[in-house]
Amino acid sequence: DRRMDKASRGRVREIKEAVAKEVPQDARVLEIGCGTGELAAMLIGHGAVVDAFDASPAMVEFVRERIAEEGLDASLTVQHMGVDGMDGLPSSHYDAVVSTLVFSELTADERSYALKHAARVLKPEGQLVIADEVVPRKTAGRILQSAVRVPMLAATYLVSRASTRPIPNLAGEVAEARFLIDKEVRSHGDAFSLVKATLPAR
């Protein structure tokens, strides 16, 4: 967490805090790609119960150690899997699904699959909150993004052994998965997007 926060000049923690604020208190939450469990701990601080997963065995082991050390076993469960395992999660079970800086590590097909199952596992009118790196809408922003994202790429690879690609239209992909977009907040030179959306009542 410290390495990512330093490389991003505080942006990563800011993004996670922004996501946590969008989740209703006392919610049952699924986190896609939990990393070190930093966001999960923030959500638990707001009364949430969190089920999380991550594709990195090292991250899952770290979170399990965190659960034991911080006494989070009543509020946080974690398993080792990628988004391809989401088909095994229960339907209409969660009040919210969240993800930060994970979708940019996925292919377009993987993102579509994850969003499809996020819709399936959410209760009607449940919330989806995703924050990630996106392609800036203006040429100047894209040039700046290319210049400043090298430290983030290096830190991401060191932590997770994953590479990232800015998403061309995150809000558009969420809408295509039949979510209703509540808002999109662009920040950090238009290079980050926080999308909050609602699953329509069936």
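Just so we're clear, the structure is a prediction, and the values are computed from it rather than from any experiment.
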Sequence neighbours excluded, which residues qualify as side-chain hydrogen bond (donor to acceptor under 3.5 Å, both in side chains) partners of Ser99?
-> none

Quick one: side-chain hydrogen bond (donor to acceptor under 3.5 Å, both in side chains) partners of Ser91, sequence neighbours excluded?
-> Arg120

In Å and rounded to the nearest 0.5 Å, what is the OG1 to CG distance from Thr36 to Asp54?
-> 9.5 Å

Any link between Val97 and Val102 through a network of hydrophobic side chains (Ile, Leu, Val, Met, Phe, Trp, Tyr) touching at under 4.5 Å?
-> yes

Glu184 and Ser193 side chains, donor-acceptor separation under 3.5 Å | yes

Salt bridge (Lys or Arg N to Asp or Glu O under 4.0 Å) filter on Glu125, not counting sequence neighbours, yields none

What's the shortest heavy-atom distance between Glu38 and Lys16, and which atoms?
-> OE1-NZ, 3.0 Å

Which pairs with one or both residues in residues 97-117 pass ring pair (Phe, Tyr, Trp, His ring centres under 6.0 Å), sequence neighbours excluded?
-> Tyr113-His117

Please report the shortest heavy-atom distance between Tyr94 and Leu30, naming the atom on each side.
-> CD2-N, 3.6 Å

Distance-only donor-acceptor hits, side chain of residues 169-179, under 3.5 Å, sequence neighbours excluded:
residue : atom : partner : partner atom : Å
Asn169  : OD1  : Gly172  : N            : 2.9
Glu173  : OE1  : Arg111  : NE           : 2.8
Glu173  : OE2  : Arg111  : NE           : 3.4
Glu173  : OE2  : Arg111  : NH2          : 2.9

For Ala48, side-chain contact (heavy atoms from CB on, under 4.5 Å) partners two or more places apart = Val29, Leu43, Val50

Any side-chain hydrogen bond (donor to acceptor under 3.5 Å, both in side chains) involving residues 17-27? Give me the pairs, sequence neighbours left out, ordered by first then second residue.
-> Arg13-Glu17, Glu22-Lys183, Glu22-Lys196

Please list, chain by chain and in numerical order, all residues satisfying side-chain hydrogen bond (donor to acceptor under 3.5 Å, both in side chains) with Glu65, sequence neighbours excluded.
-> none

Those residues that, when tested against Phe53, pass ring pair (Phe, Tyr, Trp, His ring centres under 6.0 Å) (two or more places apart) | none

Donor-acceptor contacts under 3.5 Å from residues 74-85 side chains, at least two apart:
residue : atom : partner : partner atom : Å
Thr77   : OG1  : Asp51   : OD1          : 2.6
His80   : NE2  : Ala55   : O            : 3.1

According to the salt bridge (charged side-chain N to carboxylate O under 4.0 Å, His left out) rule, which pairs have a member within residues 71-81, sequence neighbours left out?
-> none

Hey, is the main chain of Gly126 close enough, under 3.5 Å, to the side chain of Asp95 for a donor-acceptor pair?
-> no

Tightest non-hydrogen contact, residues Ser104 and Asp132, listed as OG-OD1, 2.6 Å

Distance (rounded to the nearest 0.5 Å) between Ile32 CD1 and Leu39 CG | 11.5 Å

